[in-house]
Novice: 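Encoded as C-alpha cells, here's the structure I'll be asking about.
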Amino acid sequence: MNKLRRGLVFAPAAAALLCCPAIGASAAQGDLPAAIRAIMAAPRYSGAVWGLRAIDLSTGATTTSYGADSLFFTGSVRKLFSVGLALNALGIDHRFETPVYRMGEVARDGTLRGDLVLVASGDLTLGGRTMADGKVAFTNFDHTEANTLGGAILTEPDPLSGLDGLARQVAESGIRAVSGDVVVDDRLFDHFRVPNGNVLITPVILNDNLIDVTILPTEAGQAAKVDWRPMTAAFAVTSQVRTVASGEPLDISLEISPDDPHVGLVTGQIPVGYRPALPGVPTLVRTFPIADPSSFARTAFIEALGRAGVSVAAAATGPNPSAKLPPAAAYGPLAKVARLTSPPYSDYARLILKVSHNLGANLSLVLFGLTKGARTIGTALAAERTALMAEYGLRPDGFDFPTNGSGSPDSRATPTAVTDLLAAMRKTKGAEVYFDALPALGRDGSLATIGVDPPNPVIAPAIGRVFAKTGTTVAGDMLKAQVFAGYLKSRAGRLLAYVVYVNNVAPIGSIADVIEVFSDEGEISAILYDLN
C-alpha cells in the first residue's frame with residue numbers, strides 16, 4: 001500500500017457501473033509505441049479499456065493518440081477542471097476574508113449588548129493550515145484520506161489557530177463579554193452533499209470538517225493511547241482500544257455513538273510496535289466527519305473567545321442559531337471587530353491538487369459558480385459547463401460532470417477534452433501556479449513515491465519531469481478508473497500535455513493490485529517522456 005496516494009476513492013460495491021464506450025478509432029493499437037502496447041496487453045487488462053493523448057504545447061501537434069474521443073471515467077482528474085476554472089475566475093492572488101461583526105453597542109465595561117457574528121467566506125482552511133511563513137501546510141499522506149489509506153501525517157499548525165486569532169482581535173477591539181449569542185453566517189451558498197464520500201460542502205470549514213484521532217499502542221493487555229484534534233465541547237471521543245501482542249492483527253473501528261451524535265466511539269485492538277505501512281507515517285490516524293460544520297465552528301469560536309478573555313452568555317454547545325442572523329446589509333465597517341485573511345487561492349490550488357482534496361475541489365466548483373451568479377451545485381455545474389465550452393473551447397460531447405467537482409463516481413471526459421483543457425490553462429495568467437500545483441513524479445503529493453519506492457528503472461529517468469494529477473476509483477472488485485493527467489517535460493526538451501486512462505480493470509483483489517496499475521501508468525508516462 002506504500003505507493004498509493006490521493007485520488008483514490010472506493011465507491012460502494014453495489015454502485016451501478018456505467019459502461020465506457022469502446023476505445024475510439026483515432027488511433028490503432030499498432031500506432032502506439034511498442035513499450036506502451038506491451039503494458040496495455042498485460043493479462044490484467046484483458047477486459048479493460050484504454051485512452052491516451054499527448055500534445056506538443058509549442059506546436060499544438062498531437063504526438064500520441066489512442067481512444068482520444070471516447071468518454072472515460074476521470075476519477076480525481078476531474079479536479080483539474082474545477083480548480084483550473086476557479087483559479088482563473090478568482091485570480092491567483094485572491095484571498096478570502098472571514099470577518100466578525102458585532103450586532104449591538106459595547107458598554108463602558110466592555111459588554112457587547114447583542115450578538116457576535118462570524119461570516120463564513122468559503123475559506124478552505126480558516127487559518128488551520130497556515131505555517132509561520134504564511135504558506136499552506138500539507139503532507140503526502142494528508143488526513144483527508146486517512147481512513148482510506150490506513151494512516152496519515154498530520155500537519156503541524158493548530159487547526160484552531162485561525163479562530164484564536166479572530167478571538168484575540170475581538171478582545172483587542174474592547175469587547176470583554178457578549179450578552180447575546182455567537183452566530184456563524186453560513187449563507188454564502190446553498191449547502192450540498194456530493195456522492196464522492198457523501199461529503200457535506202458548506203462555506204465554513206474547520207480542520208477540513210474532520211476530527212483527527214491518533215491511536216498509539218502501549219503495553220500488551222493495556223488500553224491504547226488515543227488522542228484527537230481539534231478538541232472542543234462539540235465532539236468527544238471515547239476509546240475502547242486495547243493493545244495486543246506484536247504480530248497480532250490490527251482491528252480498529254470508528255462509529256458515532258447511537259446514544260449521542262456528538263460522541264465518537266473507537267474500538268478494537270492495535271499490536272505493540274504497530275506502524276502504518278506508509279513511508280514516513282509514524283502513527284495510526286483515523287478521522288470522524290463533523291456532521292454540522294456551522295454548529296461545530298460556533299462552539300470552537302466561543303471557546304477561542306474564552307481563551308482570549310471574552311465571556312459569552314450563551315451556551316457554547318448546541319445548534320448554530322441561524323434565525324438570529326441579520327440581513328447581510330446590516331453588516332457595516334464600523335461594526336467589524338475582527339477579520340481573518342487567508343493565504344492566496346494559488347496556495348489552496350496547490351493543496352487541492354497535490355493531495356487530491358475532495359472537499360476543496362467541490363468548494364472550488366461552487367466558488368467559481370458564485371463568480372457567475374450561481375449559488376447552488378446545480379447552477380454551478382451548469383455555469384462550469386458553459387465556461388468550458390465558450391471560454392476554453394471544449395466540445396460539448398467531450399465531458400460529462402453531472403454531480404460534483406471532485407470526480408468519483410460519475411465524472412467522465414475524453415482524452416481530447418483533458419488535454420485541450422491543459423493546453424488552454426497554459427495560456428492563462430494562472431498557468432505557472434496551475435503547473436506547480438500538480439504532483440511531481442517521484443517527488444511529492446500523489447506521485448511522491450512512484451518510481452522510487454521501490455525503485456523502477458523504467459520510471460527513473462522521468463523523476464521530476466512528469467507533473468500529473470492522478471485519479472483512482474475502485475468499485476467492488478473492479479478498478480473503475482485509474483488516470484494520470486498533466487504535463488511532462490520530455491527528454492528532447494518539449495513541454496507536452498498528456499493523459500493516460502484505463503477503465504474497468506478486473507478483478508481487483510487488493511490494494512496491491514491497484515498499485516500495480518498505478519505503476520504501469522507511471523511507466524507509460526515515463527515512456528512518453530523518453531520518446532518525445
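Sequence positions, counted from 1, serve as the residue numbers for this chain.
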Novice: Is it the case that the side chain of Thr376 and the backbone of Asp190 share a donor-acceptor pair, with hydrogens and angles ignored and the cut-off at 3.5 Å?
Specialist: no
Novice: Does any donor atom in the side chain of Lys469 or Ser356 lie under 3.5 Å from an acceptor atom in the other side chain?
Specialist: yes
Novice: Do the side chain of Thr130 and the main chain of Gly134 share a donor and acceptor less than 3.5 angstrom apart?
Specialist: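 No, because the side chain of Thr130 does not come within donor-acceptor range (under 3.5 Å) of the backbone of Gly134.
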Novice: Has Arg129 got its NZ or CZ under 6.0 Å from the middle of the six-membered ring of Phe138, at an angle within 45 degrees of the ring axis?
Specialist: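 Geometry flag: not set, cation outside 6.0 Å or 45°.
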Novice: Supply the atom-to-atom distance Ile290 CD1 to Ile211 CD1, rounded to the nearest 0.5 angstrom.
Specialist: 4.5 Å
Novice: Just how far is it from atom OG of Ser342 to atom CG of Leu126, taken to the nearest 0.5 Å?
Specialist: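 Taking OG in Ser342 and CG in Leu126, the distance rounds to 10.0 Å.
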Novice: Any side-chain donor-acceptor pair under 3.5 Å between Ser82 and Lys79?
Specialist: no
Novice: Identify the heavy atoms of Ser364 and Ile352 that sit nearest to each other, and give their distance.
Specialist: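 So the two residues come closest at OG-CD1, 3.5 Å.
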Novice: Find the distance between CG (Leu365) and CD (Glu384) and round it off to the nearest 0.5 Å.
Specialist: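 One finds 5.0 Å between CG of Leu365 and CD of Glu384.
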Novice: Taking atom types as modelled, find out whether Thr403 and Asp410 have a side-chain donor-acceptor pair closer than 3.5 angstrom.
Specialist: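 Note: Thr403 and Asp410 side chains meet the donor-acceptor criterion.
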Novice: Carefully, step by step, assess Arg350 and Asp436 under the rule salt bridge (charged side-chain N to carboxylate O under 4.0 Å, His left out).
Specialist: CA-CA 7 Å; Arg350 179 180 175 86; Asp436 292 340; over 6 Å; no
Novice: Between Arg465 and Tyr529 (side chain of the first, backbone of the second, donor and acceptor by atom type, cut-off under 3.5 Å), is there such a pair?
Specialist: no
Novice: May I ask you to establish whether Arg385 and Phe399 are in a cation-pi arrangement, using a distance under 6.0 Å from NZ or CZ to the six-membered ring centre and at most 45° from the ring axis?
Specialist: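 Yes, cation above the ring, under 6.0 Å and within 45°.
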Novice: Looking only at the side chains, is there a donor atom on one of Asn532 and Tyr498 sitting less than 3.5 Å from an acceptor on the other?
Specialist: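 No donor-acceptor contact under 3.5 Å links the two side chains.
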Novice: If I compare all heavy atoms of Asp123 with all of Leu340, which pair ends up nearest, and what's the gap?
Specialist: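 Nearest heavy atoms, Asp123 then Leu340: OD2-CD2, 4.4 Å.
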Novice: Just checking, is any N or O donor in the side chain of Thr214 or Asp227 under 3.5 Å from an acceptor N or O on the other one?
Specialist: no
Novice: Could you check whether any side-chain N or O of Arg176 sits under 3.5 Å from a backbone N or O of Ala171, counting only pairs where one atom can act as donor and the other as acceptor?
Specialist: yes
Novice: Does the pair Glu105/Arg113 count as a salt bridge with the N-to-O cut at 4.0 Å?
Specialist: no
Novice: Between Tyr501 and Ala413 (side chain of the first, backbone of the second, donor and acceptor by atom type, cut-off under 3.5 Å), is there such a pair?
Specialist: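 Yes; judged by distance alone, with no hydrogens or angles, the pair exists.
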Novice: With rounding to the nearest 0.5 Å, note down the distance linking OG in Ser173 to CD in Gln169.
Specialist: 9.0 Å
Novice: Would you tell me whether Ser408 and Asn196 have side-chain atoms, one donor and one acceptor, within less than 3.5 Å of each other?
Specialist: no
Novice: Is it the case that Glu97 and Ser121 place a side-chain donor and acceptor less than 3.5 Å from each other?
Specialist: no
Novice: Just do the side-chain hydrogen bond (donor to acceptor under 3.5 Å, both in side chains) check on Thr63 and Asp56 with the steps written out, would you?
Specialist: CA-CA 7 Å; Thr63 65; Asp56 185 334; over 6 Å; no
Novice: Inspect the contact between Lys427 and Glu391 and indicate whether a charged nitrogen and a carboxylate oxygen are less than 4.0 angstrom apart.
Specialist: no
Novice: With distance as the sole test, does Asp185 use its side chain to make a donor-acceptor pair with the main-chain N or O of Leu118 at under 3.5 Å?
Specialist: no
Novice: With the side chain counted from C-beta on, respond yes when Leu363 and Phe189 share a heavy-atom pair under 4.5 Å apart, and no when they do not.
Specialist: yes
Novice: Between Phe81 and Phe401, is the ring centre distance below 6.0 Å?
Specialist: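 Yes, the ring centres sit under 6.0 Å apart.
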Novice: Taking all heavy atoms of Val499 and all of Ala485, pick out the closest pair and write down the distance.
Specialist: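 Closest approach of Val499 to Ala485, heavy atoms only: CG2-CB, 3.6 Å.
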Novice: Does the Ser295 side chain pair with the main chain of Asp292, one donor and one acceptor, at a distance under 3.5 Å?
Specialist: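 No, the answer is negative, given that no donor and acceptor are paired below the 3.5 Å cut-off.
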Novice: Please evaluate residues Phe484 and Val77 with respect to the criterion side chain to side chain contact (heavy atoms under 4.5 Å, CB included), reporting the C-alpha separation (whole Å), side-chain torsions for both, the decisive distance (0.1 Å), and the verdict.
Specialist: CA-CA 7 Å; Phe484 279 27; Val77 162; over 6 Å; no
Novice: Salt bridge between Asp444 and Lys354, side-chain N to carboxylate O under 4.0 Å?
Specialist: yes
Novice: Side chains of Leu421 and Leu388: does their closest heavy-atom pair fall under 4.5 Å?
Specialist: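 The answer is yes; the side chains approach within 4.5 Å.
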Novice: Tell me, do Leu206 and Val204 make a side-chain contact under 4.5 Å, heavy atoms counted?
Specialist: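 No, side chains not in contact.
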Novice: Checking side-chain polar atoms at under 3.5 Å, does Asp208 have a donor or acceptor matched by the opposite partner on His143?
Specialist: yes
Novice: Testing Leu359, Asn358, Asn404 for side-chain contact (heavy atoms from CB on, under 4.5 Å) with Ile201, which one passes?
Specialist: Leu359
Novice: Quick one: pull up OG1 in Thr472 and CD in Gln482 and give me the separation to the nearest 0.5 Å.
Specialist: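 If I round to the nearest 0.5 Å, the distance is 3.5 Å.
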Novice: Between OG1 of Thr287 and CG of Leu210, what distance do you get to the nearest 0.5 Å?
Specialist: 5.0 Å
Novice: Using the ring of Phe73 (Phe, Tyr or Trp, six-membered ring only), decide whether Lys480 places NZ or CZ under 6.0 Å from its centre and within 45 degrees of its axis.
Specialist: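 Because its charged atom sits under 6.0 Å from the ring centre and within 45° of the axis, Lys480 does stack over Phe73.
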Novice: Are the charged groups of Arg298 and Asp181 less than 4.0 angstrom apart, N to O?
Specialist: yes
Novice: We want to know whether Ser161 and Asp158 form a side-chain donor-acceptor pair, criterion being a heavy-atom distance below 3.5 angstrom.
Specialist: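 The criterion, which ignores hydrogens and geometry beyond distance, is not satisfied for Asp158 and Ser161.
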Novice: So, does Asn207 use its side chain to make a donor-acceptor pair with the main chain of Asn209 at under 3.5 Å?
Specialist: no
Novice: Between Leu394 and Ala417, what is the shortest heavy-atom contact and its length?
Specialist: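 For Leu394 versus Ala417, the nearest heavy atoms are CD2-O, 3.8 Å.
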Novice: Go through the steps to decide whether Phe235 and Phe296 satisfy the test ring-ring contact (aromatic ring centres under 6.0 Å, His included), and finish with yes or no.
Specialist: CA-CA 8 Å; Phe235 194 90; Phe296 187 86; 7.4 Å; no
Novice: If you draw a 6.0 Å radius around CZ in Arg339, do more than 12 non-hydrogen atoms from other residues or ligands fall strictly inside?
Specialist: no
Novice: Can a donor-acceptor pair be found, under 3.5 Å and without considering hydrogens, that links the side chain of Arg102 to the backbone of Leu116?
Specialist: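 Looks like no, no N/O pair under 3.5 Å.
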Novice: Minimum heavy-atom separation for Val117 to Pro326, with atom names?
Specialist: CG2-CD, 4.4 Å
Novice: Side chains of Thr419 and Arg53: is there a donor and an acceptor less than 3.5 Å apart?
Specialist: yes
Novice: Would you call Lys336 and Val100 a side-chain contact if the rule is heavy atoms closer than 4.5 Å?
Specialist: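 Answer no - side chains too far apart.
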Novice: Can a donor-acceptor pair be found, under 3.5 Å and without considering hydrogens, that links the side chain of Thr59 to the backbone of Ala61?
Specialist: yes
Novice: Less than 4.0 Å between a side-chain N and a carboxylate O, is that true for Asp420 and Arg395?
Specialist: no
Novice: Do the non-hydrogen side-chain atoms of Leu496 and Tyr487 ever get within less than 4.5 Å of each other?
Specialist: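 When only atoms from C-beta onward are counted, Tyr487 and Leu496 do not touch, as no gap falls below 4.5 Å.
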Novice: Looking only at the side chains, is there a donor atom on one of Thr416 and Asp69 sitting less than 3.5 Å from an acceptor on the other?
Specialist: yes
Novice: Where do Asn320 and Val182 come nearest, in terms of heavy atoms and distance?
Specialist: OD1-O, 4.5 Å
Novice: For the residue pair Tyr348 and Tyr345, does the interplanar ring angle fall in the parallel (under 30°), tilted (30 to 60°) or perpendicular (over 60°) class?
Specialist: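 Aromatic pair Tyr348/Tyr345 classed perpendicular.
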Novice: Do the charged groups of Asp115 and Lys324 touch, with an N to O distance under 4.0 Å?
Specialist: no
Novice: Hey, what's the ring geometry for Phe467 with Phe435, parallel, tilted or perpendicular (30° and 60° as the breaks)?
Specialist: tilted
